[in-house]
2 protein chains.
Amino acid sequence: MISTPLQQGSNAERSRHRNRQAVLGQVHLAGAIGRAEIARALALTTQTVSNIIAELSDDGMLIEKGRLSAGRGQPAIQYALKPEGGYALGVEVRPDAVFAALLDLTGRAVTTERVALARTDPDIVLDHVTAVYAHALDQVPRARGRMLGAGIVMPGPFGLTGIAGMGTDLTGWQEVDAAALFSKAIELPVVLSNDANAAAMAERITGAAQEMNSYAYLYFGAGLGLGLIHGGQLVRGAYGNAGEIGHIPVPGPHAKLEDAVSRQSVQRHLLAAELDVHDIDALDQLFEQKNAALMTWLDTACDALGHAVAIVENLFDPQTVVLGGAMPNGILEHFVANTPLPDLSVSNRPHAPHPRLIQGASGRMTATLGAAALILNRALTAPLSHAH
Amino acid sequence: MISTPLQQGSNAERSRHRNRQAVLGQVHLAGAIGRAEIARALALTTQTVSNIIAELSDDGMLIEKGRLSAGRGQPAIQYALKPEGGYALGVEVRPDAVFAALLDLTGRAVTTERVALARTDPDIVLDHVTAVYAHALDQVPRARGRMLGAGIVMPGPFGLTGIAGMGTDLTGWQEVDAAALFSKAIELPVVLSNDANAAAMAERITGAAQEMNSYAYLYFGAGLGLGLIHGGQLVRGAYGNAGEIGHIPVPGPHAKLEDAVSRQSVQRHLLAAELDVHDIDALDQLFEQKNAALMTWLDTACDALGHAVAIVENLFDPQTVVLGGAMPNGILEHFVANTPLPDLSVSNRPHAPHPRLIQGASGRMTATLGAAALILNRALTAPLSHAH
DNA sequence: TGGATTAACTCAATTCAATTGAATTATCAA
DNA sequence: TTGATAATTCAATTGAATTGAGTTAATCCA
């Protein structure tokens with residue numbers, strides 16, 4: 001589970017690979033863009049970008065979008081990502097179900113699926129994931145042969161740690177190389193991640209943080225998770241377990257953060273008021289009804305969330321903090337509007353270019369889509385070089 | 001103050017630059033190493049590495065160290081960094097003084113200096129820094145023309161933030177482009193950073209974390225700071241203010257972390273016991289005497305530090321946490337030995353390859369040396385590419 | 001002791017992917 | 001209509017890597 005990131009030298013082939021990624025990234029960022037502009041952004045010559053664009057068009061990853069006239073000079077031919085140019089599979093393995101989504105190159109979900117899971121042994125899970133993948137390819141035959149890879153979300157933390165066995169992790173997966181197993185089963189490059197990290201990446205590909213390179217993401221899952229993006233890449237930590245913010249002790253009535261802010265927390269709180277709430281829709285209904293028990297929970301949760309924001313801001317100094325996850329949209333909105341933003345923070349600046357707290361994606365599929373986004377990000381982002 | 005990291009494409013020249021960095025990095029890491037081994041580590045051909053080594057030797061950055069026989073085959077000629085091959089200036093600007101150090105390519109300090117500072121206006125500071133630099137070059141004439149750059153540490157946070165004006169930041173610097181001013185004054189590439197981030201990098205270049213790519217560093221300065229290294233690079237945050245861990249509220253008797261763990265904290269505590277302690281040596285003496293007031297402070301401080309470790313471990317999942325800064329060595333040792341390591345942490349793993357908490361550099365010059373290390377790291381580390 | 005084996009190293013030729021420079025095209029502005 | 005501007009293309013060049021065929025210096029083993 002230790003990721004030993006290969007320190008690699010560069011040669012012509014690897015340079016071209018990097019430049020292709022960077023060009024795709026610029027196209028993705030701009031939506032539609034001309035070659036000369038890409039060349040300026042990447043400090044390459046227009047000739048080079050022309051060659052790369054021709055190659056990418058040949059590969060079916062780009063389409064022409066006509067010319068855009070901007071003042072004097074010949075109008076630039078605009079290029080955009082061709083949605084059918086590549087696909088990423090996103091899979092989320094939960095204790096009771098497997099979720100899957102197939103995203104096209106632009107990040108749009110072309111098919112999604114959920115299958116129930118009776119047991120979580122590796123064999124069973126691998127079978128289901130393989131089946132789900134096969135089914136997705138049947139649904140979208142044009143994706144065959146154009147798969148970029150699969151992002152797979154599993155409940156963290158990975159490996160044996162002090163917060164394992166807290167109920168969220170899967171039995172039977174503690175000591176196996178999950179990425180290798182999946183990769184062998186579905187014959188695709190696989191990126192493994194926890195829910196929060198994946199969801200964080202989704203915001204960069206399709207969501208609220210597309211123009212941002214450094215941001216933090218607070219994810220409502222069973223617990224509370226954190227995803228960190230720095231320099232356009234996920235900060236995964238040495239063993240892939242970065243972002244376990246839920247287990248941090250906080251001042252206040254609760255022992256740790258996710259006792260105050262999480263789906264489990266609200267369920268427990270509502271149960272004490274004799275309300276047995278199991279899914280997002282039921283929660284949404286209570287929220288629409290302004291249910292008193294829910295409202296008191298929200299108050300404490302907002303305070304605790306403010307605390308989480310304080311920690312994250314002071315530790316990472318992000319451009320913004322995105323709030324998302326498996327919660328009703330209305331409740332996310334409520335959090336964004338009512339979480340007290342700490343004064344004592346490096347992010348409390350007078351002319352901040354971004355709001356300190358913004359709303360991200362919501363709903364059941366958030367992490368599943370994020371899983372696929374991990375793959376898309378790899379295709380669309382070149383690791384940035386420190387300019388000198 | 002916003003760092004917009006340039007997304008750059010690659011070409012032959014930039015590839016070579018990257019490969020030179022990577023080769024130097026391998027040599028630095030190994031101490032002495034042969035070309036074929038470097039080639040394997042970087043996935044380059046031996047011929048390429050041969051060419052680069054020849055170039056670097058011509059440039060005076062490497063020296064031959066004889067042959068090392070290792071089993072069969074022709075013994076490899078070993079290469080090592082040539083100390084005189086390059087120099088980095090480290091400068092720390094404090095409210096009352098400017099510290100400077102000149103490090104050679106291997107990270108050894110060849111000259112250090114301290115000059116008192118009456119005022120901290122940019123003009124005054126720039127004059128002093130320029131003078132200190134000139135003096136360093138006089139002391140070490142061979143460094144002339146071989147300067148790689150200057151790392152400059154100033155009290156953070158940079159820019160206008162919610163924790164500005166807390167007494168640590170410098171007056172007159174809030175709204176200037178400090179890096180540009182320094183760079184113009186001393187005519188060197190400049191990297192700006194706060195004390196904790198710089199000190200963190202020092203551990204990677206010369207200290208306790210040379211083989212690590214992902215670790216956290218807790219720094220005792222006036223307050224308590226955090227430095228994060230991920231993938232061999234500093235996590236600076238969007239505005240360069242990442243790591244302000246001291247301002248985080250913690251459970252316990254103190255409002256925020258650095259009320260319990262910092263130089264100011266211990267000074268305040270000792271003052272209540274009628275002990276006026278101003279420098280590290282005096283503190284060390286008290287520690288040697290097992291002074292009762294100091295010991296009670298240490299007890300609370302250890303608990304608070306354990307809390308900081310819990311946060312850092314769960315948020316970053318680092319290989320280790322390094323403890324260092326402007327404290328007597330004995331006290332750092334005490335902290336490393338007595339800080340309670342939280343059970344509820346992703347770093348609490350059964351077969352951890354590294355201790356969870358280790359001791360880093362201590363003493364007054366820690367951040368100054370770290371400042372120079374920022375420059376050396378740039379020369380010795382190529383940004384890592386995610387292998388595919 | 002001496003040949004086989006192994007691995008590091010060198011030289012020359014080749015290849016890849018960038019840059020350079022000159023020419024062409026399409027639009028805007030006067 | 002004409003000149004300026006900027007995007008684009010084509011052909012030649014360059015820089016830095018790889019490839020492939022030797023050469024050298026050590027260990028292993030008969």
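Residue numbers start from 1 in every chain, and the chains themselves are labelled A, B, ... in the order their sequence lines are given, proteins ahead of strands. Predicted model, so just to flag it, every value in this text is computed and none were measured.
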Sugar-phosphate only, base, or nothing, as touched by Thr48(B) at under 4.0 Å among non-hydrogen atoms: base
N/O donor-acceptor pair, side chain Gln74(A) with base dT25(C), under 3.5 angstrom: yes
Pairing of Glu55(A) and Arg20(A) as salt bridge, 4.0 angstrom limit: yes
Ring centre gap for Phe316(B) and Phe316(A) strictly below 6.0 Å: yes
Interatomic distance where CZ belongs to Arg16(B) and P belongs to dT18(D) [whole Å]: 10 Å
Whole-Å gap separating C1' (dT9(D)) and CD1 (Ile77(A)): 11 Å
dT8(D) OP1/OP2 closer than 4.0 Å to side-chain N/O of Ser50(A): no
Presence of salt bridge, Asp104(B) and Lys82(B), under 4.0 angstrom: no
Whole-Å distance separating the CG atom of Asn51(B) from the C1' atom of dT18(D): 11 Å
Sugar-phosphate only, base, or nothing, as touched by Asn19(B) at under 4.0 Å among non-hydrogen atoms: sugar-phosphate
Short side-chain N/O contact to dA6(D) OP1/OP2 from Arg40(A), under 4.0 Å: no
Thr46(B) side-chain proximity, nearest of dT10(C), dA7(D), dA26(D): dT10(C)
Verdict with reasoning, Asn197(A) to Ser193(A), per side-chain hydrogen bond (donor to acceptor under 3.5 Å, both in side chains): CA-CA 6 Å; Asn197(A) 285 354; Ser193(A) 157; 4.5 Å; no
Atom pair distance, as rounded to whole Å: NE2 in His17(B) and C1' in dA18(C): 17 Å
Selected nucleotide, minimal atom distance to Ala76(A) side chain, candidates dA8(C), dT8(D), dA26(C): dT8(D)
Of Ala12(A) and Gly71(A), the one whose closest DNA chain C nucleotide lies more 5': Ala12(A)
Side chain of Arg35(B) (C-beta onward), nearest among dT18(D), dC9(C), dA8(C): dC9(C)
Salt-bridge contact Asp317(B)-Arg236(A) (side-chain N to carboxylate O under 4.0 Å): no
No-H, no-angle donor-acceptor pair, Gln47(B) side chain to dC9(C) base, under 3.5 Å: no
Residue whose closest nucleotide on DNA chain D lies nearer the 5' end, Tyr79(A) versus Asn11(A): Tyr79(A)
For atom CD of Gln8(A) and atom P of dA17(D), their distance in whole Å: 14 Å
Of the listed nucleotides dT6(C), dT18(D), dA8(C), the one nearest the side chain of Arg72(B): dT6(C)
For atom CZ of Arg67(B) and atom P of dA7(C), their distance in whole Å: 16 Å
Interatomic distance, Glu13(B) CD vs dT13(D) C1' [rounded to whole Å]: 16 Å
Sugar-phosphate only, base, or nothing, as touched by Arg18(A) at under 4.0 Å among non-hydrogen atoms: nothing
For atom CG of Leu56(A) and atom P of dA17(C), their distance in whole Å: 13 Å
Among dT8(D), dT18(D), dA18(C), the one nearest Thr45(B) by side-chain distance: dT18(D)
Test item: side-chain donor near acceptor, Tyr215(A) and Arg204(A), under 3.5 Å: no
Sugar-phosphate only, base, or nothing, as touched by Ser69(A) at under 4.0 Å among non-hydrogen atoms: sugar-phosphate
